[in-house]
Amino acid sequence: MNVGNHKRLTGWKATAAVSMSNYIDSGSIIAIATSLGFWGAKYFPGDDGTVAGLLAAFSSNAFGAAIGALIGGPLCDKYGRKFIYTYDLLLYALGGLLVTFTMNLPMLFIGFVVIGLAVGASVPAGWTYIAEFAPPDRRGRHVGATQLAWSFGPFIGFGLAAALSPLGLLGSRIIFAHLVVIALVTWWIRQGLDESKAWQDSKGGRGAKAPSMWTAFRGLFSRKANITALLFLAAIYTFWNQAASQNGIFLPTILGHMGWGTLASDLFSMLTWGIVIIATAVYMLLVDRVSYRWHFFIGGVLAVASWAVLVFGPSTAAATAFGYALLWGLSSGPSAQAFYSVWSPELFATPYRAGAQGIVFFVVRLASGVISLVFPVILAQQNGLLKDGLILIGFLLASTLIGTIWAPKTQGKPLEEIEIERYGEIVSTRAIDAELHDELVSATDTSTTSTKE
């Protein structure tokens, strides 16, 4: 799809355009979090948390994004990085319009799912695209811009929720409408992006064909280096994201159980994300300079400490909430998600880089969806915050330990150099085809031998 003439985007302008996927991802999660009560009063009154949990689980916070990533990642490797940017935000805008003008619960549910699919397809493509054009010594800073954009989503989202809360459900519709407008503007700007040179080179140039999605998946799972990377990334990101997703979508509920009103809760959440923005800006300055291992460790320890304060501090004390906000905000700079977004494009070869991220993102958001189904139900029980909090602290400890012990030594290296270190060669479409051809010949020879015997 060619839409008019667009000024070619390079460098930080390209990074900014791609990073907006993360803004509308987090923005949609917060729009859902701050509007569930209003939707519930209108379309599912008397809910015990089950319907709210289902809506959250099938949105951009979980299942919707999981399925979108599983589909979008392989499509990104097959048809190119820019292919995703031609369609993803149009799909997002469609979902946003369904929610904005929803008239019943089914329409609301479908809108949430469509938004989730679009987000899931877009985010892994963004990390891949930025990593492939960013200078090696500033790759972390460029990819970190996606985290900065992600942080602005909740900051602005909670600010809008606080300002528009007197309007009730109309205010929630306005918040979704603003996301639609931003998605469409970003889609238009992105038409000026060039296709990734690394992707073109991996398939043998502009005229060559990329491998089929099935071939790329087989190539991905045929190498031990890929499998270990998948397990490592899925572990650190999935464990961390259980705490992060519940913080994002159910923090207003948690604060409500602590006695906070809606307006106070939104303003407090906005403060929390203001701290996250500052911490993320610091992360961008340090990520290419400070050891990956120690930087990740510091973020993990702060995350564990934040939930420990929330769970074990006095449940009605303002100091408990503000202590949590400060520690979680500081931890979110060097978070598992921030390092995942840097490490995931580094650890996989170009022909299946986005597909691999799609798989991990699918696992992460799928797990978030499962816990979103039970989290509000448990939270409503006696000592619910304690029960949920202990589980989440355990997840954060696991993520911190795994990421610290097995942090990759890829900092500052060109992607080609990392690829040679991990695979012994630059993996191209031809290399994948040759591997699968050898497997097929070997299998045929074995079958022939067995038949003769």
Side-chain angles (χ1 to χ4, degrees), residues 15-35 55-73 76 84-85 87-96 99 111-130 143-158 160 175-176 178-187 190 237 240-241 244-249 251 269 273 276-277 280 332 335-338 340-341 344 354 357-358 360-362 364-369 372:
T15 295
V18 173
S19 295
M20 288 307 295
S21 295
N22 293 67
Y23 172 83
I24 63 173
D25 174 14
S26 61
S28 66
I29 293 174
I30 301 309
I32 293 168
T34 57
S35 66
L55 286 169
F58 283 90
S59 68
S60 51
N61 191 50
F63 294 149
I67 297 170
L70 195 62
I71 297 171
C76 187
I84 297 297
Y85 297 141
Y87 301 104
D88 64 330
L89 294 185
L90 295 179
L91 183 63
Y92 183 99
L94 173 62
V99 175
F112 281 6
V113 171
V114 171
I115 288 174
L117 291 172
V119 164
S122 184
V123 172
W127 292 330
T128 296
Y129 187 90
I130 292 175
V143 177
T146 64
Q147 294 301 112
L148 190 63
W150 208 100
S151 303
F152 270 102
F155 180 76
I156 295 175
F158 280 118
L160 288 174
I175 293 173
F176 277 99
H178 111 277
L179 292 172
V180 171
V181 172
I182 291 176
L184 291 174
V185 171
T186 303
W187 171 82
R190 280 183 179 177
Y237 193 14
W240 174 85
N241 196 65
S245 65
Q246 303 319 312
N247 171 79
I249 199 108
L251 181 58
S269 298
W273 284 100
V276 173
I277 290 171
T280 304
S332 296
S335 65
Q337 177 169 288
Y340 168 81
S341 65
S344 55
Q357 292 181 66
V360 176
F361 203 75
F362 172 80
V364 171
R365 292 298 174 98
L366 186 67
S368 297
S372 292

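Each residue takes its place number in the sequence, starting with 1.
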Worksheet item: Quick one: CZ on Phe158 to CD1 on Ile175, what's the gap to the nearest 0.5 Å?
Response: 10.0 Å
Worksheet item: Which value, rounded to the nearest 0.5 Å, describes the distance between His178 atom NE2 and Ile156 atom CD1?
Response: 6.0 Å
Worksheet item: Will you find, in the side chains of Ser19 and Thr146, an N or O donor that is under 3.5 Å from an N or O acceptor?
Response: no
Worksheet item: Is there a donor-acceptor contact under 3.5 Å linking the side chains of Ser344 and Gln357?
Response: yes
Item to complete: Without swapping roles, check the side chain of Tyr85 against the backbone of Ala125 for a donor-acceptor pair under 3.5 Å.
Response: yes
Worksheet item: Is there side-chain contact between Ile24 and Leu89, with at least one heavy-atom pair below 4.5 Å?
Response: yes
Fill in: Trp273 to Ser151 - nearest heavy-atom pair and separation
CE3-O, 3.8 Å
Fill in: Residue pair Asp88 / Arg190, side-chain heavy-atom distance below 4.5 Å
yes
Practice prompt. Please examine the side chains of Tyr129 and Ile84, heavy atoms only from C-beta on, and report whether any two atoms are closer than 4.5 Å.
Written response: no
Item to complete: Output the distance between atom OH (Tyr340) and atom CG (Asn241), rounded to the nearest 0.5 Å.
Response: 10.5 Å
Fill in: Spacing of CZ belonging to Phe152 relative to OH belonging to Tyr23, to within rounding of 0.5 Å
9.5 Å
Worksheet item: Going through the distances and angles, do Ser35 and Phe176 end up as a side-chain contact (heavy atoms from CB on, under 4.5 Å)?
Response: CA-CA 10 Å; Ser35 66; Phe176 277 99; 3.9 Å; yes
Worksheet item: Any side-chain heavy atom of Arg365 within less than 4.5 Å of one from Phe63?
Response: no
Worksheet entry | Derivation and outcome, side-chain contact (heavy atoms from CB on, under 4.5 Å), residues Phe155 and Val276 | CA-CA 9 Å; Phe155 180 76; Val276 173; over 6 Å; no
Discussion item. Between Ser122 and Ala118 (side chain of the first, backbone of the second, donor and acceptor by atom type, cut-off under 3.5 Å), is there such a pair?
Written reply: no
Discussion item. Trp150 and side chain to side chain donor-acceptor pair (under 3.5 Å): which single residue from Thr280, Asp25, Asn22 fits?
Written reply: Asp25
Worksheet item: Is Leu160 close to Ile30 at the side-chain level, that is, under 4.5 Å between some pair of heavy atoms?
Response: no
Discussion item. To the closest 0.5 Å, what do you measure between CD1 (Ile115) and CD1 (Ile32)?
Written reply: 6.0 Å
Worksheet item: So, Ser335 and Trp240: side-chain donor and acceptor under 3.5 Å apart, yes or no?
Response: no
Worksheet item: Rounded to the nearest 0.5 Å, what separation is found between the CG atom of Leu90 and the OH atom of Tyr87?
Response: 9.0 Å
Discussion item. Tell me if the aromatic rings of Trp187 and Tyr92 count as close, with their centers under 6.0 Å from one another.
Written reply: no
Practice prompt. Taking the side chain as every heavy atom from C-beta outward, state whether Ile277 and Leu148 have any atom pair closer than 4.5 Å.
Written response: yes
